[in-house]
Each structure stands twice: as C-alpha cells, then as structure tokens.
Amino acid sequence: MTGTEFERVYRAVRLIPQAKVATYGQVARWLGWQHGARTVGWALRALPEGSDVPWHRVVNARGCISLADGERQQILLEAEGVAFSESGRIDLRVYGWAGPPPWWEADCL
DNA sequence: CGTATGACGAGCC
DNA sequence: AGGCTCGCCATAC
C-alpha cells in the first residue's frame with residue numbers, strides 16, 4: 001500500500017455517517033483537490049474487499065451509482081436506510097452529507 | 001521519467 | 001435538452 005494519498009481518501013470516506021452519502025467531487029475537495037474526483041474513484045477501486053471503509057456511501061454528483069455493478073452498493077445503502085428513486089437515484093438534498101468540519105484532520109496541538 | 005488509465009465533473013457543441 | 005470532449009489528480013506500467 002503506497003497510498004499516503006489513498007489513506008487520506010479512506011480516512012475521509014470513513015467519516016461519512018450511516019445513511020448518508022457524499023460525491024466523489026466532495027471527497028476530493030475535502031482532501032484539497034478541487035478537480036480530483038477521478039482520483040477518489042481510483043482510490044476506492046483499489047480498496048480490498050474486507051475493508052472497513054464505507055465505500056458504498058460515495059456516489060457521483062448526480063446521486064447515481066457509477067460502478068458498473070452497483071447492485072451490491074445499492075443493497076448496502078438501502079440496508080442503511082438510504083432510499084433510491086425508481087431510476088436508481090439518491091436524493092442528495094436528503095441523504096447528502098455536508099462533509100466533515102474543517103478541523104477533522106487537524107491534530108490535538 | 002513519460003504515457004496511459006480511471007467507481008468524476010463541468011463546459012461546450 | 002442531451003451527448004461529447006476536455007480537464008484534473010494520483011497511480012500503474
């Protein structure tokens with residue numbers, strides 16, 4: 001695991017509370033990458049199966065599942081209480097997470 | 001070290 | 001309105 005940067009992605013994703021979702025772009029911005037949404041997807045793709053990272057809580061900006069096989073992701077989200085529309089879309093106004101406070105990464109002095 | 005890739009996003013035609 | 005292209009970032013090769 002080379003990911004010093006990947007680890008940051010994982011740490012940020014782990015902060016997303018249950019029954020909430022965030023977009024790739026959002027996560028990227030938390031890490032300081034205004035246009036690094038693709039990198040977030042890359043990091044999540046590299047994620048092992050038994051990881052403690054709630055990767056399923058990350059969707060694209062439209063509130064849809066980008067993953068080709070998003071079936072499992074949708075099941076995981078629905079199990080948490082996230083509702084999907086008929087077209088498989090999530091209402092980000094309801095389930096979207098504002099993000100962590102700006103000091104989440106700061107140390108205790 | 002340069003090129004290619006990817007679970008995105010926003011802009012342009 | 002909808003589809004296509006380019007941009008952007010960090011890895012992989």
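The shown structure was predicted, so the numbers you read here are calculated from the model rather than taken from an experiment. Below, chain A is the first sequence line, B the second, and so on; all start at residue 1.
I65(A) is listed as a side-chain neighbour of Q74(A), based on a closest heavy-atom distance under 4.5 Å. Side-chain contact between V9(A) and W42(A): absent, with no pair of heavy atoms (C-beta onward) separated by less than 4.5 Å. W30(A) is not listed as a side-chain neighbour of V40(A), based on a closest heavy-atom distance of 4.5 Å or more. Put simply, the side chain of Y24(A) reaches to within 4.5 Å of the side chain of S66(A), judged on heavy atoms.
With sequence neighbours excluded, no residue satisfies side-chain hydrogen bond (donor to acceptor under 3.5 Å, both in side chains) with T23(A).
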key: Residue pair Q73(A), V59(A): steps toward the side-chain contact (heavy atoms from CB on, under 4.5 Å) verdict   = CA-CA 10 Å; Q73(A) 181 171 5; V59(A) 296; 3.9 Å; yes

request  = For R11(A) and W104(A), run side-chain contact (heavy atoms from CB on, under 4.5 Å): C-alpha distance rounded to whole Å, both residues' side-chain angles, the deciding distance at 0.1 Å, then the answer.
outcome  = CA-CA 10 Å; R11(A) 248 179 292 173; W104(A) 72 273; 4.2 Å; yes

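Sequence neighbours left out, the pairs with a member in residues 64-76 of chain A that pass salt bridge (charged side-chain N to carboxylate O under 4.0 Å, His left out) are E49(A)-R72(A). Under the salt bridge (charged side-chain N to carboxylate O under 4.0 Å, His left out) criterion, the residue pairs touching residues 76-91 of chain A are R57(A)-E80(A), D91(A)-R93(A), with sequence neighbours excluded.
Of the residues in residues 79-97 of chain A, not one places a heavy atom less than 4.0 Å from an atom of DNA chain B.
Residue order along DNA chain B, read from the 5' end via each residue's closest nucleotide, puts W42(A) first among W42(A) and G25(A). Mapping V40(A) and V59(A) onto DNA chain B by nearest heavy atom places V40(A) closer to the 5' end of the strand.
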Could I get a table of every N or O pair under 3.5 Å where one atom is in the protein and the other is in nucleotides 7-9 of chain C?
residue	atom	partner	partner atom	Å
dG7(C)	O6	R38(A)	NH1	2.6
dC8(C)	O2	H35(A)	O	3.4
dC8(C)	N3	R38(A)	NH1	3.4
dC8(C)	N4	R38(A)	NH1	3.4
dC9(C)	O2	T39(A)	OG1	2.3

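Using a 4.0 Å cutoff to heavy atoms of chain A, the contacted part of DNA chain B runs 5' to 3' from dT5(B) to dG9(B).
For the pair Y95(A) (side chain) and F84(A) (backbone), a donor-acceptor distance under 3.5 Å is absent.
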